[in-house]
Amino acid sequence: MKAIPAEQLMPITEKISEKFWPHGWWKLMEMRIGVIPLPVYLLLLALITGFVATGKVPSDISVSIALLAVGGFSCAELGKRLPVMRNIGAAAIFATFIPSYLAFQHLLPAMVLKNVVDFTKSTNFLYLFIASIIVGSILSMDRAVLIKGFIKIFVPLAAGSVAAAVVGTTVGTLLGLGTYHTFFYIVVPIMAGGVGEGAIPLSIGYSGILHQAQGDVFALVLPPVMLGSLTAIMLAGALNFVGKKYPHLTGEGRLQPGEHDEMHPAEEAGPGYTDVGNIAAAGITAISLYMFGLMCYKLFDFPAPVAMLFIAVIFKLSRAVSPQLQQGSVVVYKFFSTAVTYPLLFAIGVSMTPWDKLVSAFNVLNLITIVSTVATLMATGFMVGRWLNMYPIETAIVNACHSGQGGTGDVAILTAANRMQMMPFAQIATRIGGAITVTLTLIAMSQLK
(Lines give C-alpha, C1' and ligand atoms only; values in the text may rest on other atoms or scores of the structure.)
Protein backbone atom coordinates (compact mmCIF):
# COMPACT_ATOMS: atom_id res chain seq x y z
CA MET A 1 0.00 0.00 0.00
CA LYS A 2 1.38 3.35 -1.04
CA ALA A 3 2.24 5.68 1.86
CA ILE A 4 0.52 9.07 2.03
CA PRO A 5 3.04 11.86 1.51
CA ALA A 6 3.68 14.07 4.56
CA GLU A 7 2.50 17.18 2.73
CA GLN A 8 -0.90 15.50 2.11
CA LEU A 9 -1.09 14.06 5.63
CA MET A 10 -0.77 17.45 7.36
CA PRO A 11 -4.12 18.88 6.14
CA ILE A 12 -5.90 15.68 7.23
CA THR A 13 -4.51 15.82 10.77
CA GLU A 14 -5.24 19.53 10.96
CA LYS A 15 -8.86 18.89 10.00
CA ILE A 16 -9.19 16.13 12.62
CA SER A 17 -7.66 18.34 15.30
CA GLU A 18 -9.88 21.25 14.27
CA LYS A 19 -12.95 19.06 14.66
CA PHE A 20 -12.06 18.41 18.28
CA TRP A 21 -10.32 21.65 19.19
CA PRO A 22 -11.88 23.93 20.02
CA HIS A 23 -15.40 22.94 18.97
CA GLY A 24 -15.29 19.36 20.23
CA TRP A 25 -13.83 20.53 23.51
CA TRP A 26 -16.53 23.18 23.82
CA LYS A 27 -19.15 20.46 23.42
CA LEU A 28 -17.53 18.59 26.31
CA MET A 29 -17.56 21.76 28.41
CA GLU A 30 -21.29 22.12 27.76
CA MET A 31 -21.94 18.61 29.12
CA ARG A 32 -22.62 19.26 32.79
CA ILE A 33 -23.15 17.56 36.11
CA GLY A 34 -25.52 20.07 37.64
CA VAL A 35 -23.81 23.35 36.77
CA ILE A 36 -20.30 21.88 36.63
CA PRO A 37 -18.78 21.31 33.15
CA LEU A 38 -17.90 17.62 32.76
CA PRO A 39 -14.11 18.12 32.35
CA VAL A 40 -14.07 20.41 35.42
CA TYR A 41 -16.12 17.85 37.36
CA LEU A 42 -13.62 15.10 36.52
CA LEU A 43 -10.74 17.39 37.46
CA LEU A 44 -12.36 18.18 40.81
CA LEU A 45 -12.92 14.49 41.50
CA ALA A 46 -9.26 13.76 40.78
CA LEU A 47 -8.08 16.63 42.96
CA ILE A 48 -10.33 15.67 45.89
CA THR A 49 -9.12 12.09 45.62
CA GLY A 50 -5.55 13.33 45.55
CA PHE A 51 -5.97 15.46 48.68
CA VAL A 52 -7.58 12.54 50.52
CA ALA A 53 -4.72 10.28 49.45
CA THR A 54 -2.17 12.75 50.82
CA GLY A 55 -3.91 12.64 54.19
CA LYS A 56 -4.89 16.31 54.37
CA VAL A 57 -7.89 18.07 52.82
CA PRO A 58 -7.41 21.87 53.02
CA SER A 59 -10.01 23.65 55.16
CA ASP A 60 -10.22 26.86 53.16
CA ILE A 61 -13.51 28.00 51.69
CA SER A 62 -12.61 27.22 48.06
CA VAL A 63 -12.05 23.53 48.82
CA SER A 64 -15.25 23.38 50.89
CA ILE A 65 -17.26 24.83 48.00
CA ALA A 66 -15.73 22.27 45.64
CA LEU A 67 -16.60 19.39 47.98
CA LEU A 68 -20.20 20.55 48.37
CA ALA A 69 -20.62 21.17 44.64
CA VAL A 70 -19.29 17.75 43.62
CA GLY A 71 -21.25 15.94 46.33
CA GLY A 72 -24.51 17.84 45.89
CA PHE A 73 -24.69 17.77 42.11
CA SER A 74 -23.55 14.13 41.93
CA CYS A 75 -26.38 13.00 44.22
CA ALA A 76 -28.92 15.22 42.47
CA GLU A 77 -27.87 13.91 39.08
CA LEU A 78 -28.55 10.35 40.24
CA GLY A 79 -32.05 11.35 41.35
CA LYS A 80 -32.78 13.18 38.10
CA ARG A 81 -32.01 10.06 36.06
CA LEU A 82 -34.30 7.66 37.92
CA PRO A 83 -37.54 6.85 36.09
CA VAL A 84 -40.73 7.71 38.04
CA MET A 85 -38.77 8.79 41.15
CA ARG A 86 -37.35 11.80 39.32
CA ASN A 87 -40.92 13.12 39.05
CA ILE A 88 -41.47 13.13 42.81
CA GLY A 89 -38.42 15.01 43.98
CA ALA A 90 -35.74 12.31 43.81
CA ALA A 91 -33.01 14.89 43.14
CA ALA A 92 -33.70 16.75 46.40
CA ILE A 93 -34.19 13.50 48.32
CA PHE A 94 -30.93 12.01 47.05
CA ALA A 95 -28.97 15.23 47.63
CA THR A 96 -30.13 15.25 51.27
CA PHE A 97 -30.40 11.65 52.39
CA ILE A 98 -27.60 9.88 50.47
CA PRO A 99 -24.94 12.05 52.20
CA SER A 100 -26.74 11.49 55.52
CA TYR A 101 -26.42 7.73 55.01
CA LEU A 102 -22.82 7.98 53.85
CA ALA A 103 -21.88 10.05 56.89
CA PHE A 104 -23.66 7.67 59.30
CA GLN A 105 -21.97 4.62 57.78
CA HIS A 106 -18.56 6.36 57.76
CA LEU A 107 -18.36 5.89 53.99
CA LEU A 108 -17.20 9.47 53.48
CA PRO A 109 -13.51 10.01 54.19
CA ALA A 110 -13.12 11.47 57.68
CA MET A 111 -11.24 14.50 56.32
CA VAL A 112 -14.02 15.28 53.84
CA LEU A 113 -16.67 14.82 56.52
CA LYS A 114 -14.87 17.16 58.92
CA ASN A 115 -14.40 19.80 56.23
CA VAL A 116 -18.09 19.80 55.27
CA VAL A 117 -19.39 19.76 58.87
CA ASP A 118 -17.03 22.50 60.04
CA PHE A 119 -17.78 24.71 57.05
CA THR A 120 -21.55 24.25 57.34
CA LYS A 121 -21.72 24.91 61.06
CA SER A 122 -19.18 27.74 61.20
CA THR A 123 -20.57 29.72 58.25
CA ASN A 124 -24.28 28.90 58.74
CA PHE A 125 -24.66 29.60 55.03
CA LEU A 126 -28.17 28.14 55.07
CA TYR A 127 -29.34 31.58 56.20
CA LEU A 128 -27.37 33.36 53.47
CA PHE A 129 -29.24 31.14 51.02
CA ILE A 130 -32.63 31.85 52.63
CA ALA A 131 -31.92 35.59 52.78
CA SER A 132 -31.01 35.72 49.08
CA ILE A 133 -34.03 33.64 48.06
CA ILE A 134 -36.50 35.61 50.20
CA VAL A 135 -35.28 39.06 49.18
CA GLY A 136 -35.09 38.14 45.49
CA SER A 137 -38.50 36.49 45.39
CA ILE A 138 -40.23 39.26 47.38
CA LEU A 139 -38.79 42.04 45.25
CA SER A 140 -39.76 40.24 42.03
CA MET A 141 -43.41 39.81 43.06
CA ASP A 142 -46.22 41.98 41.82
CA ARG A 143 -46.99 44.58 44.51
CA ALA A 144 -50.73 44.51 43.88
CA VAL A 145 -51.07 40.85 44.87
CA LEU A 146 -48.23 40.59 47.37
CA ILE A 147 -50.10 41.70 50.45
CA LYS A 148 -53.22 39.73 49.48
CA GLY A 149 -51.15 36.58 49.22
CA PHE A 150 -49.63 37.04 52.67
CA ILE A 151 -53.04 37.54 54.27
CA LYS A 152 -54.83 34.76 52.40
CA ILE A 153 -52.16 32.10 52.93
CA PHE A 154 -53.01 31.90 56.64
CA VAL A 155 -56.46 30.47 55.86
CA PRO A 156 -55.39 27.20 54.14
CA LEU A 157 -52.49 26.95 56.58
CA ALA A 158 -54.74 27.18 59.66
CA ALA A 159 -57.38 24.89 58.17
CA GLY A 160 -54.76 22.34 57.17
CA SER A 161 -53.14 22.36 60.62
CA VAL A 162 -56.44 21.66 62.38
CA ALA A 163 -57.47 18.96 59.89
CA ALA A 164 -54.03 17.29 60.05
CA ALA A 165 -54.11 17.28 63.87
CA VAL A 166 -57.54 15.66 63.91
CA VAL A 167 -56.88 13.07 61.19
CA GLY A 168 -53.36 12.19 62.34
CA THR A 169 -54.42 11.75 65.96
CA THR A 170 -57.44 9.68 64.96
CA VAL A 171 -55.35 7.39 62.72
CA GLY A 172 -52.73 6.89 65.43
CA THR A 173 -55.39 6.15 68.02
CA LEU A 174 -57.11 3.59 65.78
CA LEU A 175 -53.74 1.92 65.17
CA GLY A 176 -53.24 1.50 68.90
CA LEU A 177 -50.58 4.17 69.48
CA GLY A 178 -52.75 6.03 71.99
CA THR A 179 -54.35 9.44 71.59
CA TYR A 180 -51.99 11.26 73.96
CA HIS A 181 -48.82 9.76 72.49
CA THR A 182 -49.96 10.21 68.89
CA PHE A 183 -50.89 13.86 69.31
CA PHE A 184 -47.98 15.10 71.44
CA TYR A 185 -45.16 12.88 70.16
CA ILE A 186 -46.01 12.30 66.49
CA VAL A 187 -48.50 14.81 65.08
CA VAL A 188 -47.35 17.98 66.86
CA PRO A 189 -43.60 17.49 66.18
CA ILE A 190 -44.37 17.19 62.45
CA MET A 191 -45.88 20.70 62.44
CA ALA A 192 -43.60 22.26 65.07
CA GLY A 193 -41.28 24.03 62.61
CA GLY A 194 -38.32 21.70 62.25
CA VAL A 195 -35.50 20.86 64.65
CA GLY A 196 -34.01 24.09 65.98
CA GLU A 197 -37.26 26.04 66.11
CA GLY A 198 -39.55 23.06 66.74
CA ALA A 199 -38.24 19.80 68.18
CA ILE A 200 -35.76 21.42 70.57
CA PRO A 201 -38.09 23.97 72.22
CA LEU A 202 -40.85 21.37 72.23
CA SER A 203 -38.64 18.85 74.03
CA ILE A 204 -37.50 21.50 76.51
CA GLY A 205 -41.12 22.41 77.23
CA TYR A 206 -42.20 18.78 77.55
CA SER A 207 -39.31 17.96 79.88
CA GLY A 208 -40.12 20.91 82.13
CA ILE A 209 -43.82 20.08 82.34
CA LEU A 210 -43.37 16.31 82.74
CA HIS A 211 -40.12 16.44 84.76
CA GLN A 212 -38.32 14.17 82.31
CA ALA A 213 -34.82 14.35 80.84
CA GLN A 214 -34.82 16.68 77.84
CA GLY A 215 -32.54 14.34 75.85
CA ASP A 216 -34.97 11.44 76.22
CA VAL A 217 -37.90 13.57 75.09
CA PHE A 218 -35.91 14.96 72.16
CA ALA A 219 -35.15 11.41 70.98
CA LEU A 220 -38.91 10.76 70.83
CA VAL A 221 -39.97 13.91 68.95
CA LEU A 222 -37.11 14.10 66.42
CA PRO A 223 -37.92 11.02 64.23
CA PRO A 224 -41.42 12.25 63.25
CA VAL A 225 -39.86 15.59 62.25
CA MET A 226 -37.41 13.83 59.95
CA LEU A 227 -39.89 11.41 58.40
CA GLY A 228 -42.60 14.08 58.10
CA SER A 229 -40.17 16.23 56.14
CA LEU A 230 -39.27 13.30 53.85
CA THR A 231 -42.98 12.65 53.24
CA ALA A 232 -43.56 16.33 52.42
CA ILE A 233 -40.64 16.33 49.95
CA MET A 234 -42.03 13.33 48.08
CA LEU A 235 -45.60 14.64 48.00
CA ALA A 236 -44.42 18.09 46.87
CA GLY A 237 -42.48 16.44 44.05
CA ALA A 238 -45.60 14.48 43.11
CA LEU A 239 -47.64 17.70 43.02
CA ASN A 240 -45.10 19.24 40.66
CA PHE A 241 -45.69 16.27 38.35
CA VAL A 242 -49.49 16.66 38.69
CA GLY A 243 -49.15 20.34 37.82
CA LYS A 244 -47.49 19.48 34.51
CA LYS A 245 -50.38 17.14 33.67
CA TYR A 246 -53.10 19.57 34.80
CA PRO A 247 -51.72 23.09 34.30
CA HIS A 248 -54.97 24.78 35.35
CA LEU A 249 -54.26 23.69 38.96
CA THR A 250 -50.95 25.52 39.25
CA GLY A 251 -49.45 28.95 38.85
CA GLU A 252 -45.94 27.46 38.48
CA GLY A 253 -44.83 29.25 41.63
CA ARG A 254 -47.43 32.04 41.63
CA LEU A 255 -49.86 31.84 44.50
CA GLN A 256 -52.81 33.60 42.87
CA PRO A 257 -54.14 34.32 39.38
CA GLY A 258 -52.92 37.70 38.16
CA GLU A 259 -49.61 37.50 40.01
CA HIS A 260 -46.43 38.12 38.05
CA ASP A 261 -43.05 36.47 38.52
CA GLU A 262 -41.06 39.49 37.39
CA MET A 263 -41.43 43.23 37.79
CA HIS A 264 -43.74 45.30 35.63
CA PRO A 265 -42.18 46.09 32.24
CA ALA A 266 -42.19 49.80 33.09
CA GLU A 267 -40.01 49.08 36.10
CA GLU A 268 -37.63 46.97 34.03
CA ALA A 269 -36.91 49.85 31.69
CA GLY A 270 -34.49 51.59 34.03
CA PRO A 271 -30.94 51.96 32.68
CA GLY A 272 -28.21 49.62 33.84
CA TYR A 273 -30.44 47.15 35.64
CA THR A 274 -28.20 44.22 34.64
CA ASP A 275 -25.02 45.92 35.84
CA VAL A 276 -22.77 43.78 38.04
CA GLY A 277 -22.73 46.59 40.60
CA ASN A 278 -26.51 46.27 40.99
CA ILE A 279 -26.17 42.54 41.57
CA ALA A 280 -23.51 43.11 44.23
CA ALA A 281 -25.65 45.81 45.84
CA ALA A 282 -28.60 43.43 45.93
CA GLY A 283 -26.50 40.78 47.67
CA ILE A 284 -25.40 43.25 50.34
CA THR A 285 -29.02 44.39 50.73
CA ALA A 286 -30.12 40.81 51.37
CA ILE A 287 -27.40 40.39 53.99
CA SER A 288 -28.36 43.72 55.61
CA LEU A 289 -32.00 42.64 55.89
CA TYR A 290 -30.92 39.36 57.45
CA MET A 291 -28.81 41.26 59.99
CA PHE A 292 -31.88 43.35 60.76
CA GLY A 293 -33.72 40.08 61.40
CA LEU A 294 -30.93 38.93 63.71
CA MET A 295 -31.24 42.14 65.71
CA CYS A 296 -34.98 41.57 66.04
CA TYR A 297 -34.23 38.10 67.35
CA LYS A 298 -31.74 39.47 69.88
CA LEU A 299 -34.07 42.21 71.10
CA PHE A 300 -37.53 40.65 70.81
CA ASP A 301 -36.90 36.89 70.38
CA PHE A 302 -38.64 37.12 66.99
CA PRO A 303 -37.45 34.65 64.30
CA ALA A 304 -34.81 36.35 62.16
CA PRO A 305 -36.02 35.03 58.76
CA VAL A 306 -39.58 36.22 59.47
CA ALA A 307 -38.43 39.69 60.52
CA MET A 308 -36.31 39.85 57.36
CA LEU A 309 -39.30 38.72 55.31
CA PHE A 310 -41.56 41.46 56.67
CA ILE A 311 -39.02 44.24 56.16
CA ALA A 312 -38.50 43.05 52.56
CA VAL A 313 -42.27 43.25 52.02
CA ILE A 314 -42.31 46.78 53.43
CA PHE A 315 -39.44 47.76 51.13
CA LYS A 316 -41.33 46.36 48.14
CA LEU A 317 -44.69 47.93 48.95
CA SER A 318 -43.22 51.35 49.77
CA ARG A 319 -41.07 51.45 46.61
CA ALA A 320 -38.00 51.88 48.84
CA VAL A 321 -35.86 49.83 46.42
CA SER A 322 -35.03 51.10 42.95
CA PRO A 323 -35.93 49.04 39.85
CA GLN A 324 -32.22 48.49 39.17
CA LEU A 325 -31.69 47.06 42.65
CA GLN A 326 -34.79 44.90 42.28
CA GLN A 327 -33.38 43.47 39.06
CA GLY A 328 -30.13 42.77 40.85
CA SER A 329 -32.08 40.95 43.56
CA VAL A 330 -33.74 38.75 40.95
CA VAL A 331 -30.31 37.78 39.57
CA VAL A 332 -29.05 36.99 43.09
CA TYR A 333 -32.15 34.84 43.68
CA LYS A 334 -31.68 32.96 40.40
CA PHE A 335 -27.99 32.37 41.09
CA PHE A 336 -28.60 30.88 44.53
CA SER A 337 -31.55 28.75 43.41
CA THR A 338 -29.56 27.36 40.46
CA ALA A 339 -26.03 27.02 41.81
CA VAL A 340 -26.33 26.68 45.59
CA THR A 341 -29.43 24.54 46.26
CA TYR A 342 -27.98 21.05 45.79
CA PRO A 343 -24.62 21.78 47.43
CA LEU A 344 -26.58 23.19 50.37
CA LEU A 345 -28.75 20.07 50.56
CA PHE A 346 -25.60 17.95 50.56
CA ALA A 347 -24.25 19.99 53.49
CA ILE A 348 -27.58 19.62 55.30
CA GLY A 349 -27.54 15.88 54.76
CA VAL A 350 -24.03 15.48 56.13
CA SER A 351 -24.28 17.95 59.02
CA MET A 352 -27.92 18.21 60.09
CA THR A 353 -29.76 15.04 59.08
CA PRO A 354 -29.07 12.13 61.46
CA TRP A 355 -29.72 8.96 59.48
CA ASP A 356 -30.35 6.86 62.59
CA LYS A 357 -33.11 9.19 63.78
CA LEU A 358 -34.80 9.00 60.39
CA VAL A 359 -34.64 5.21 60.27
CA SER A 360 -35.94 4.86 63.83
CA ALA A 361 -39.31 6.24 62.71
CA PHE A 362 -39.68 3.59 60.02
CA ASN A 363 -42.20 1.27 61.57
CA VAL A 364 -45.53 0.65 59.92
CA LEU A 365 -47.75 2.30 62.55
CA ASN A 366 -45.64 5.47 62.77
CA LEU A 367 -45.31 5.61 59.01
CA ILE A 368 -49.06 5.41 58.40
CA THR A 369 -49.75 8.07 61.04
CA ILE A 370 -47.08 10.44 59.73
CA VAL A 371 -48.10 10.06 56.07
CA SER A 372 -51.78 10.57 56.90
CA THR A 373 -50.93 13.72 58.87
CA VAL A 374 -48.82 15.29 56.11
CA ALA A 375 -51.21 14.21 53.35
CA THR A 376 -54.18 15.74 55.21
CA LEU A 377 -52.27 18.98 55.79
CA MET A 378 -51.52 19.27 52.08
CA ALA A 379 -54.91 18.04 50.82
CA THR A 380 -56.71 20.59 53.01
CA GLY A 381 -54.43 23.33 51.71
CA PHE A 382 -55.24 22.20 48.17
CA MET A 383 -59.01 22.33 48.68
CA VAL A 384 -59.12 25.55 50.72
CA GLY A 385 -56.75 27.25 48.29
CA ARG A 386 -59.02 26.36 45.40
CA TRP A 387 -62.01 27.71 47.33
CA LEU A 388 -60.15 31.00 47.91
CA ASN A 389 -59.33 31.32 44.18
CA MET A 390 -55.66 30.55 44.82
CA TYR A 391 -53.69 28.00 42.88
CA PRO A 392 -54.35 24.76 44.82
CA ILE A 393 -51.01 23.11 44.09
CA GLU A 394 -49.15 26.16 45.39
CA THR A 395 -51.19 26.35 48.60
CA ALA A 396 -50.70 22.62 49.16
CA ILE A 397 -46.93 23.05 48.77
CA VAL A 398 -46.88 25.95 51.25
CA ASN A 399 -48.78 23.74 53.69
CA ALA A 400 -46.21 20.99 53.07
CA CYS A 401 -43.52 23.34 54.38
CA HIS A 402 -45.40 23.43 57.69
CA SER A 403 -44.45 19.77 58.06
CA GLY A 404 -40.86 20.27 56.92
CA GLN A 405 -37.55 20.15 58.73
CA GLY A 406 -37.42 23.90 59.37
CA GLY A 407 -35.49 26.05 56.91
CA THR A 408 -33.62 23.01 55.61
CA GLY A 409 -36.93 21.27 54.93
CA ASP A 410 -38.25 24.33 53.10
CA VAL A 411 -35.27 24.23 50.76
CA ALA A 412 -35.71 20.50 50.06
CA ILE A 413 -39.50 20.70 49.63
CA LEU A 414 -39.42 23.71 47.30
CA THR A 415 -36.55 22.16 45.34
CA ALA A 416 -38.53 18.95 44.85
CA ALA A 417 -41.53 21.03 43.76
CA ASN A 418 -39.39 23.31 41.55
CA ARG A 419 -40.90 26.37 43.27
CA MET A 420 -38.08 28.07 45.12
CA GLN A 421 -39.69 31.47 44.55
CA MET A 422 -42.28 30.54 47.17
CA MET A 423 -39.71 30.67 49.97
CA PRO A 424 -41.36 33.72 51.65
CA PHE A 425 -44.63 31.83 52.09
CA ALA A 426 -42.76 28.69 53.12
CA GLN A 427 -41.05 30.66 55.88
CA ILE A 428 -44.42 31.86 57.17
CA ALA A 429 -45.67 28.27 57.27
CA THR A 430 -42.52 27.02 58.98
CA ARG A 431 -41.62 29.83 61.39
CA ILE A 432 -44.94 31.39 62.34
CA GLY A 433 -46.96 28.20 61.93
CA GLY A 434 -44.38 26.25 63.93
CA ALA A 435 -44.18 28.86 66.72
CA ILE A 436 -47.98 28.90 67.10
CA THR A 437 -48.06 25.09 67.13
CA VAL A 438 -45.38 24.80 69.83
CA THR A 439 -46.95 27.52 72.00
CA LEU A 440 -50.48 26.13 71.90
CA THR A 441 -49.23 22.57 72.45
CA LEU A 442 -47.24 23.46 75.57
CA ILE A 443 -50.25 25.31 76.97
CA ALA A 444 -52.45 22.27 76.29
CA MET A 445 -49.97 19.83 77.86
CA SER A 446 -49.63 21.97 80.97
CA GLN A 447 -53.40 21.90 81.40
CA LEU A 448 -53.61 18.14 80.89
CA LYS A 449 -50.79 17.34 83.28
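Because the structure is predicted, anything quoted here is derived from the model rather than measured. Values below: all heavy atoms of this structure, side chains included; hydrogens, waters and symmetry mates excluded.
- Put simply, the side chain of Thr96 does not reach to within 4.5 Å of the side chain of Val411, judged on heavy atoms.
- Atom CZ of Arg81 has 12 or fewer neighbouring heavy atoms from other residues, nucleotides or ligands inside a 6.0 Å radius.
- Of all heavy-atom pairs between Ala232 and Ile413, the closest is CB-CD1, 3.7 Å.
- Ser337 places a side-chain N or O within 3.5 Å of a backbone atom of Lys334 that can act as its donor or acceptor partner.
- Using modelled atom types, no side-chain atom of Lys80 and backbone atom of Ala91 make a donor-acceptor pair closer than 3.5 Å.
- The closest donor-acceptor contact from the side chain of Asn399 to the backbone of Leu377 lies under 3.5 Å.
- Under the 3.5 Å distance criterion, with hydrogens and angles disregarded, a donor-acceptor pair is assigned to the side chains of Ser161 and His402.
- No more than 12 heavy-atom neighbours from other residues, nucleotides or ligands sit within 6.0 angstrom of CD1 on Ile61.
- Between the side chain of Tyr290 and the backbone N or O of Tyr127 there is no donor-acceptor pair closer than 3.5 Å.
- Of the N and O atoms on the side chains of Tyr342 and Thr415, not one donor lies less than 3.5 Å from an acceptor on the other residue.
- Of the options Ile284, Val135, Ile279, a side-chain contact (heavy atoms from CB on, under 4.5 Å) to Val332 is made by Ile279 and by none of the others.
- Inspection of the Gln427 and Asp410 side chains reveals an N or O donor paired with an N or O acceptor under 3.5 Å.
- For the 3.5 Å distance criterion, the side chains of Thr173 and Thr179 qualify, holding a donor opposite an acceptor.
- There is a side-chain donor-acceptor pair under 3.5 Å between Ser64 and Asn115.
- Atom CG of Leu108 is separated from atom CD1 of Ile98 by 11.0 Å, given to the nearest 0.5 angstrom.
- Remark: Leu45 CG to Ser74 OG distance equals 6.0 Å, nearest 0.5 Å.
- A distance of 5.0 Å separates CD1 in Ile186 from CG in Leu177, rounded to the nearest 0.5 Å.
- Between the side chain of Ser132 and the backbone N or O of Phe336, no donor-acceptor pair lies under 3.5 Å.
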Exercise for review: For side chain to side chain contact (heavy atoms under 4.5 Å, CB included), just list the numbers for Val350 and Ser100, CA-CA rounded to whole Å, side-chain angles, deciding distance to a tenth of an Å, and then say yes or no.
Suggested key: CA-CA 5 Å; Val350 170; Ser100 173; over 6 Å; no
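- Annotation: the span from Met422 atom CE to Ile134 atom CD1 amounts to 13.0 Å, rounded to 0.5 Å.
- Not less than 6.0 angstrom separates the ring centroid of Phe73 from the ring centroid of Phe346.
- Arg386 and Thr395 are not linked by any side-chain donor-acceptor pair at a separation below 3.5 angstrom, with hydrogens and angles left out of the test.
- Between Arg254 and Glu252 there is no salt bridge, since no side-chain N of the basic residue sits under 4.0 Å from a carboxylate O of the acidic one.
- Residues Ala92 and Ala412 come closest through the heavy atom pair CB-O, 3.6 Å.
- Distance CG/Leu294 to CD1/Ile287: 11.5 Å, rounded to 0.5 Å.
- In summary, the aromatic rings of Tyr101 and Phe97 are positioned with their centroids too far apart to meet the 6.0 Å limit.
- The pair Arg419-Glu394 meets the salt-bridge criterion, since a charged nitrogen lies less than 4.0 angstrom from a carboxylate oxygen.
- In this structure, the separation between CG on Leu255 and CE on Met390 is 3.5 Å, given to the nearest 0.5 Å.
- Counting non-hydrogen atoms of other residues, nucleotides and ligands closer than 6.0 Å to CZ of Phe335 gives a total of 12 or fewer.
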